[in-house]
**Q** 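Got a structure for you, questions after.
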Amino acid sequence: MIGSATGVAIGITGLGSNVPETVMTNDDLARLIDTSDEWIRERTGIRERRIATRDEALSDIALPAARQALAEAGAQPSEIDLVICATVTPDMLFPTAAALMADTLELRNAAAYDLAAGCTGFMYAITQAYGMLASGLSKKTLVIGADVLSKTLDWEDRSTVVLFGDGAGAVVMEPVSTGGFLGFELGADGGGGVHLSYPGSGSRYFDGSKPSLEMNGREVFKFATRVMVSSATAVLEQCGKTIADVDCYVPHQANKRIIDYAVEKLGISPERTVVNVDRFGNTSSGSIPLALVDARAEGRLTEGALVLMTGMGAGLTWGSALLQWGGKAQLGNAIGLPAAVVA
Ligand code: UT7
């Protein structure tokens, strides 16, 4: 699926993130399994990741991120009419994490549902939110991207435990006066799905025989390097832009080697690329919003900056979006003014 934005401009007016407090370093992992800090750094670029405690579920980690995004957007609870939570690790399949969080946040006028698209979940969710907002069905949407993949892992499988971490990000999306999303590209290849799966998570293996995430790292790596480039290129072309126009590249944070490959093939400078996989590992649906928060903290999301986001993951799925950062509401909210003041 590919398309450019038309009609009313839709942008991000609030942004938030949260990660669990517990830090797990590579040396901590090396005490649990046969691995080393050196191997993990060399093959993945990861130094440490955050891991949820036994009692922490997805909504516990995602709620603080959602609260930050809502506060920054100056959004009243009654104004949010849609909550989409991108995740493959909800508290439970139902009630959905989105419905539980909408209740806690007292978003009484909101439709709420979870959306599963693996690590591409956040890209799918913002695309869907865009469609809802551009059509006028929603006036103000809360999009959460969050995962606690640590709960799905076989902690004796060194090829997966070193990669993943837990984390959450959230954005408020609404019409903006300037800037906003320019276009989207999404795709899926279920035929490749077998390379990254969590078989016991649904109705196929209710007998408990497949309790953990399973991954063919080499195949996912090949897929990732291909789509990180093809998807980004497609959305740029669709929007009449080139990579030279991009001020800030926000790739899915899966593996530094995948990011380096995409940076080289796309021809964008590392200085314009956001990297935080070293601190958080792969947080799945939380990855891109967490990286957006870091990008802003580093001063990269300036008024008018062209932001390219690309994700990929289980499904197999991929997705890109092009966003012009800014607009009166975005600028006002970034410095903490209520939306009403800057509208
Ligand atoms: O959102 C998408 C999520 N998934 C991904 O992004 C995963 C993409 N794939 C990858 O990032 C890489 O394939 C990995 C990091 C998972 C693995 O890196 P690799 O360079 O493809 O390593 P490999 O699987 O080819 O394994 C090389 C060696 C093997 O040993 P032998 O057979 O050469 O003796 C593995 O057994 O490294 C060994 N190995 C490890 N050694 C130490 C695999 N995992 C580890 C480990 N520590 N954690």
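Computed over heavy atoms, backbone and side chain alike; hydrogens, waters and symmetry mates excluded. Numbering of ligands and ligand atoms starts at 1, following listing order.
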**Q** Answer yes if F184 and I12 sit in the same cluster of Ile, Leu, Val, Met, Phe, Trp and Tyr residues linked by side chain heavy atoms under 4.5 Å apart, and no otherwise.
**A** yes

**Q** Does the pair D27/R31 count as a salt bridge with the N-to-O cut at 4.0 Å?
**A** no

**Q** For atom 30 (O) of ligand 1, what's the nearest protein heavy atom and its distance?
**A** R158 NH2, 4.4 Å

**Q** Judged by atom type as modelled, is there a donor-acceptor pair below 3.5 Å linking the side chain of Q253 to the main-chain atoms of G286?
**A** no

**Q** Give the contacting part of N282 toward ligand 1: side chain, backbone, both or neither, where contact means a heavy-atom distance below 4.0 Å.
**A** side chain

**Q** Do you know the tightest heavy-atom contact between P20 and A52?
**A** CG-N, 3.8 Å

**Q** What atoms of ligand 1 come within less than 4.0 Å of a heavy atom belonging to C119?
**A** 1 (O)

**Q** With heavy atoms of N255 as the reference, note each atom of ligand 1 found under 4.0 Å away.
**A** 10 (C), 11 (O), 15 (C)

**Q** Test of understanding: given a 4.0 Å heavy-atom threshold, classify the contact between W39 and ligand 1 as side chain, backbone, both, or neither.
**A** side chain

**Q** In terms of side-chain heavy atoms, does E185 have a donor or acceptor partner in S320 at a distance below 3.5 Å?
**A** no

**Q** Is there at least one protein heavy-atom neighbour under 4.0 Å from atom 37 (O) of ligand 1?
**A** yes

**Q** Can you pull out the closest protein heavy atom to atom 26 (O) of ligand 1? Residue, atom name and distance to 0.1 Å, please.
**A** R218 NH2, 4.0 Å

**Q** Side chains of T87 and D114: is there a donor and an acceptor less than 3.5 Å apart?
**A** no

**Q** Can you name the atoms of ligand 1, numbered from 1 with element, that are less than 4.0 Å from a heavy atom of H252?
**A** 1 (O)

**Q** Among protein heavy atoms, which lies nearest atom 6 (O) of ligand 1, and at what distance?
**A** A254 CB, 3.4 Å

**Q** Would S36 count as a polar contact of ligand 1, with the cut-off being nitrogen or oxygen pairs under 3.5 Å?
**A** no

**Q** Can you find a protein heavy atom under 4.0 Å from atom 46 (C) of ligand 1?
**A** yes

**Q** Looking at E56 and R50, is there a salt bridge between them, counting it only when a charged N and a carboxylate O are closer than 4.0 Å?
**A** no

**Q** Should you measure from each heavy atom of V162, which atoms of ligand 1 turn up under 4.0 Å away?
**A** 48 (N)

**Q** What distance do R47 atom CZ and D37 atom CG have between them, rounded to the nearest 0.5 Å?
**A** 9.5 Å

**Q** Got a sec, which residues hit salt bridge (charged side-chain N to carboxylate O under 4.0 Å, His left out) with R108, two or more places apart in sequence or on another chain?
**A** D103

**Q** Going by atom types only, do T89 and D147 share a side-chain donor-acceptor pair under 3.5 Å?
**A** yes

**Q** Heavy-atom distance from atom 23 (P) of ligand 1 to the protein below 4.0 Å?
**A** yes

**Q** What atoms in ligand 1 come closer than 4.0 Å to a heavy atom of R257?
**A** 18 (O), 20 (O)

**Q** Is it the case that S212 and D154 place a side-chain donor and acceptor less than 3.5 Å from each other?
**A** no

**Q** I need the full list of salt bridge (charged side-chain N to carboxylate O under 4.0 Å, His left out) pairs touching residues 190-213, with sequence neighbours left out, sorted by first then second residue.
**A** K210-E214

**Q** Of all the non-hydrogen atoms in the protein, which one sits nearest to atom 12 (C) of ligand 1, and at what distance?
**A** F221 CD1, 4.0 Å

**Q** Can an N or O of T44 be found at a distance shorter than 3.5 Å from an N or O of ligand 1?
**A** no

**Q** Could you find the nearest protein heavy atom to atom 4 (N) of ligand 1 and give me its residue, atom name and distance?
**A** M215 SD, 3.5 Å

**Q** Report, in ascending order of atom number, the atoms of ligand 1 lying under 4.0 Å from any heavy atom of R43.
**A** 19 (P), 20 (O), 22 (O), 27 (C)

**Q** Hey, does G217 come in under 3.5 Å of ligand 1, counting only N/O atoms on both sides?
**A** yes

**Q** Students should be able to answer this: which protein heavy-atom is nearest to atom 5 (C) of ligand 1, and at what distance?
**A** V220 CG1, 3.7 Å

**Q** As a test of the contact definition, would atom 41 (N) of ligand 1 count as having a protein heavy-atom neighbour under 4.0 Å?
**A** yes

**Q** Heavy-atom contacts under 4.0 Å between I258 and ligand 1: side chain, backbone, both, or neither?
**A** side chain

**Q** At what distance, to the nearest 0.5 angstrom, does CG of L82 lie from CD of E174?
**A** 13.0 Å

**Q** Taking only Lys NZ, Arg NE, NH1 and NH2, and the carboxylate oxygens of Asp or Glu, determine whether R158 and D34 approach each other closer than 4.0 Å.
**A** yes

**Q** Any protein heavy atom sitting closer than 4.0 Å to atom 14 (C) of ligand 1?
**A** no

